[in-house]
2 protein chains.
Amino acid sequence: MSTTQSESHVLSKSCQYALRAVVYIAANATPSHLTGAQEMADSLEIPKHFLSKILQQLTRNQLVSSTKGPNGGFYLSEENERTTIDRIVEIMDGPGLFKACVLGMPECSAVHPCPLHFQAVDYRDGLYHKLKRLTIQELADVVHKGHVQL
Amino acid sequence: MSTTQSESHVLSKSCQYALRAVVYIAANATPSHLTGAQEMADSLEIPKHFLSKILQQLTRNQLVSSTKGPNGGFYLSEENERTTIDRIVEIMDGPGLFKACVLGMPECSAVHPCPLHFQAVDYRDGLYHKLKRLTIQELADVVHKGHVQL
DNA sequence: TGAATAAAAGACCCTTATATCCTTTATTCA
DNA sequence: TGAATAAAGGATATAAGGGTCTTTTATTCA
Ligand code: FES
Ligand code: FES
C-alpha cells in the first residue's frame, strides 16, 4: 500500500542553484575578490562539482563572467547585473516552462483550454511577468539590505 | 557547448495523468457503463499500464471507486465527486508542493524569505486556494459544456 | 462450475536529473 | 620558466521518475 509520490517543483534544482549562485555572486564579488566555486559551494551548501557545471553553463551563455587561475573566479559585468531572472530560468529549464499547459496538453491557449487553464494561467503569467522585469542586481540589493536567506 | 536543460514542471506527469483521468471518469462514467482503464488510456493517450498504476493509487486513497470483473471499471461515488483538486495533487505529488520555497530553501515564510519569496508566494497561494475550492464535479461540468480539451 | 473479463499487485526496465571524479586549459606570481 | 591555482570540460555514477510486463484476485455469466 506504498503511495509513491513523485516530487514535483516549479524550478529544477539546477535552476534553483543557478539563481542562488548568481545572486550570491552579485552580492559578494568585488573586483579585488572574485567569488570562487568552492566558496560558493560551501556558503550555499551546494555540491561543488554540480555547482561548477551550472556555472559553466551560465558563463557559456554569458550570464556570468569568469577568469581562470589564481585569484580567479566568477563575477558579473555591468551587463550581467542587468540580466533579468527569466533569462536564467530559460537557460536552465528551457523556454516553455511559462508557456506549457499545467496538465501537459500539447496546446495552451484560451482557444483550446484544458479544464484547469483559467485557474492556472494567471498564476503562471503573473510570476513570469515579474521575473521578466526583475534583474539580478535588484535581487542582490535585497540581499544586501539583509532579511533574506540565501 | 551543449546546454542541457532539465525539464521542470509544476505538476508531475503522474499528477497530470491523474487529474485528466479523474475528470474523464467524472464526465463519462455512468452506472450502466463504468470507465475501463483501456478506454481511458486510448481516449486520453496515456500509456495504459502507467495509467493503471495511477488509478490504483487513487482508489487506494479513496479518491475514485472501482469494481473488478466483466463490466467492471472506475466510477466516482457522490463523495468522490465532491473531492477537491488539491487532494489529488496532494496524493500524487505530496503535500508541500504549495508550501515549498521556489528556490528550495528549507523554510518558506515571510519571516525567513528567500530573494524570490514575495514575487512568488502570492501567485502560488492564489493557485492553491483555487484548487482547494474546485471539485472534480465542477471540472467535469466544464467538460460537458464543451470547449475544453482533455 | 468454469471461462472470460477487468482491476490489483509486484517485478522489472529505460530515461532523465542529480551528483561525482578526473583531465585539460588558462592565469598568476615567485 | 615552472609551480600553484582555479575554471572548463568530459566521462561516469547514482537516484528518481516514467513506463512495461506478468501474475493474482475478484466478478460476471453462460
Ligand atoms: S491549456 Fe492547460 S493551462 Fe492552458
Ligand atoms: S522562502 Fe522562497 S518562496 Fe518563500
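Residue numbers begin at 1 in each chain, while the letters A, B, ... track the order of the sequences.
Using a 4.0 Å cut-off between charged side-chain N and carboxylate O, B:K99 and B:D125 make no salt bridge.
Closest approach of A:Q5 to B:D93, counting heavy atoms only: CB-C, 4.1 Å. Contact between B:L139 and B:V23 at its shortest, heavy atoms only, is CD1-CG2, 3.8 Å. When all heavy atoms of A:K132 and A:D86 are compared, the closest pair comes out as CA-OD1, 3.4 Å.
Considering A:I25, A:V22, A:N80 in turn, A:I25 is the only one that fulfils the side chain to side chain contact (heavy atoms under 4.5 Å, CB included) rule with A:F74.
The distance between atom NZ of B:K68 and atom C1' of C:dT5, rounded to the nearest whole Å, is 12 Å. Remark: P of C:dA26 and CG of A:L34 are 19 Å apart, rounded to the nearest angstrom. The distance from atom OH of B:Y17 to atom C1' of D:dG18 is 8 Å, rounded to the nearest whole Å. With rounding to whole Å, B:I46 atom CD1 is found 12 Å from D:dT20 atom P. Nucleotide C:dA8 holds its P atom 12 Å from the CD atom of B:Q62, rounded to whole Å. Counting to the nearest Å, the P atom of D:dG19 and the CG atom of B:L44 are 14 Å from each other. Computed from coordinates, the B:I54 CD1 to D:dG18 C1' distance equals 9 Å when rounded to whole Å. Atom CZ in A:F50 sits roughly 16 Å away from atom P in C:dT16 (whole-Å rounding).
The neighbour count for A:K130 NZ, taken as heavy atoms of other residues, nucleotides or ligands under 6.0 Å away, is above 12. Other residues, nucleotides and ligands contribute more than 12 heavy atoms inside 6.0 Å of the NE2 atom of B:H33.
Dashed line: the shortest gap from a side-chain N or O of A:N71 to OP1 or OP2 of D:dA4 is not under 4.0 Å. Taking 4.0 angstrom as the limit, B:S66 places a side-chain polar atom (N or O) nearer than this to OP1 or OP2 of C:dA8. The phosphate of D:dA8 (OP1 or OP2) has a side-chain N or O of A:T59 nearer than 4.0 angstrom.
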**Prompt:** Please, what dot-bracket string fits DNA chain C when only Watson-Crick and G-U pairs with both distances under 3.5 Å count, crossing ones use [ ] and pairs to another strand use |?
**Reply:** ||||||||||||||||||||||||||||||
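Residue-to-nucleotide contacts include a donor-acceptor pair under 3.5 Å from the side chain of B:K53 to the base of C:dG10.
Nucleic acid contact for A:E39: none, since no nucleic acid atom lies under 4.0 Å from a heavy atom of the residue. Counting any heavy atom pair closer than 4.0 Å across all strands shown, A:S14 reaches sugar-phosphate atoms only and no base atom. A:Q5 comes within 4.0 angstrom of sugar-phosphate atoms only, judged by non-hydrogen atoms across all strands, and of no base. B:E7 comes within contact range of the sugar-phosphate backbone alone, with a heavy-atom separation under 4.0 Å but no base atom that close.
Sequence order on DNA chain D of the closest nucleotides to A:P70 and A:Q56 puts A:P70 first from the 5' end. Closest-nucleotide positions on DNA chain D for B:P47 and A:F74 were compared, and the one nearer the 5' end corresponds to A:F74. Nearest-nucleotide assignment on DNA chain C puts the 5′-proximal partner with B:S52, out of A:L51 and B:S52.
Between the CG atom in B:L150 and the CZ atom in B:R20 there is a gap of 6.5 Å [rounded to 0.5 Å].
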